[in-house]
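Basis for what follows: all heavy atoms, side chains included, without hydrogens, waters or symmetry-related copies.
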Amino acid sequence: MDLEARIRRRQRRDGEPRLILDYEALSPTSHVEEPVNRGPILERLLNYLDPVFDGKLPPNAYLHGPKGSGKSAVVTALFTHLNRLSTERRPVIYTSTRVQSPMSPVFVYVDARRTPSEFAFYHAVLDALVEERPPKSGIGTGTLKSRLHGVLGGSRVGVVVAIDHLGEPGTLAEEAFVDLFAGLPSNASWLAIGRSPPSETVLTTYTAESIRMEAYQRQILVDVLMTRASNGIAQRALSHGVARDIADWADGDAHDALAALFGAADEATANDRDAITSADVDAGTEAVPRPCISLGRVVALPANRQRVLRRLLDLDVDERSSVQAASERISETVDLSTATVKRILYELSEDGITRRVTAERVDGKGRPPSRLEPCFPTAVFERLYALNRRD
DNA sequence: GATCCACGGGAATACACGGATG
DNA sequence: CATCCGTGTATTCCCGTGGATC
């Protein structure tokens, strides 16, 4: 963080002692520029990317590892730096090389969560490559694709596309993306990122390398928490011991750990404390269901879905005890019909955003209803939702 | 006028249960 | 006893429509 940001944060305090300085810095959906303690994995990725430094494209690759192991964090940081570096050194290369000036490829990071359709995917890649933003509608998928061909085909400089969160529910399937790439010019490589190892066919047909990441070790996760805390909350508000408790609870999952820390900090603030206590941690972990899906999936949902989810959290137990009842209540405060809310609720649970728990038979008639339970960090979602002031 | 995508709405299907039937 | 049937819900599936954008 730069000095100006530090000063601005102090200014915001308005004389009030404030525990939380920057929600964004704590959020499990944001990543830091310098990943903490990731030397070995960065080396492996740089080995894979090595051809880049000779002006060549690396082969396709597949990075996989459990949720919260830092896959997105590492790749976004790496790509940001690589792009920065290659633009900086371009003039130098021109003067220092022989026949052909090795130009670096462009590094594009695409989140599959935000590109659920073929159109959206091509749009995202093209958008990263050209100055002017391509139109979001009124233009066919085929047109978009041929423009992409035009841009890539006419350039010696290739592109490396990292496609993150591959294979998650609600996104295009692994094979679908492989097909999309098959339609691109040959100077495009991909780095796929997903939880599970690549399928055998994808690996053998398209991938030269499969790179595995392991979950965070306890001590490193503590470091991650302390680093985030130093950016996001007041000094000394997070003790080492408390951070260790959170790390133990999270069991190597940085996403869950950060979500719990976020919730704990929020709870401490609500109670007017200037440091996070273990009671706050209890409240923080309480608001992180386990298993917990990535908050990134929730905030990538269309606005109306998020609105429905937000309302769902406001319902009390018996209003939430059936999809029917919940739909009726929610449609009162959201500008959608009951039928649509119901369909959305079913779709959300189908995608694992919520979980349906069927009631054990009580009143006899018909198929028993299901209660809806959130599978994402509720406190963090509520806070971020409020900050964005969607309504 | 073209295009994408979220919405609406409803039809089709699945499920739970109790009672009837063979 | 095993199976089928009717009733009432829950859940899934599908597709046309319209808003937004260019």
Can you list the residues that meet the side-chain hydrogen bond (donor to acceptor under 3.5 Å, both in side chains) rule with [X], with sequence neighbours excluded?
X	result
A:Glu175	none
A:Ser321	none
A:Glu350	none

Report task. Step through it carefully: locate the ring centre of A:Phe381, locate the ring centre of A:Phe376, and say whether they are under 6.0 Å apart. Result -> yes
Query raised in the report: Within less than 4.0 Å of OP1 or OP2 of B:dC4, is there a side-chain N or O belonging to A:Thr141?
Result: yes
Query - Residue closer to the 5' end of DNA chain B, A:Thr143 versus A:Pro116 (nearest nucleotide) - result: A:Thr143
**Report entry** Rounded distance (nearest 0.5 Å) linking atom CG of A:Asn60 with atom CZ of A:Phe181
**Finding:** 8.0 Å
Query raised in the report: The side chain of A:Ser337 lies closest to which of these nucleotides: B:dG9, B:dC5, B:dC7?
Result: B:dG9
Report task. Kindly state which residues belonging to residues 165-176 of chain A come within less than 4.0 angstrom of DNA chain B, counting heavy atoms of the residue only, listed by number. Result -> none
Report task. Taking only Lys NZ, Arg NE, NH1 and NH2, and the carboxylate oxygens of Asp or Glu, determine whether A:Arg244 and A:Asp248 approach each other closer than 4.0 Å. Result -> no
Could you tell me how far apart [X] ([atom1]) and [N] ([atom2]) are, to the nearest whole angstrom?
X	N	atom1	atom2	answer
A:Leu301	B:dC7	CG	P	11 Å
A:Arg307	B:dA6	CZ	P	14 Å
A:His123	B:dT3	NE2	C1'	12 Å
A:Tyr122	B:dC5	OH	P	13 Å

Query raised in the report: Taking atom types as modelled, is there a side-chain donor on A:Asn47 or A:Glu43 under 3.5 Å from an acceptor on the other?
Result: no
Query raised in the report: Apart from A:Val288 itself, what residues make up its hydrophobic cluster, given side-chain heavy atom links below 4.5 Å?
Result: A:Trp249
Query raised in the report: In B/S/- notation, 5' to 3', how is nucleotides 9-22 of chain C contacted by protein heavy atoms closer than 4.0 Å?
Result: BBBBBB------BB
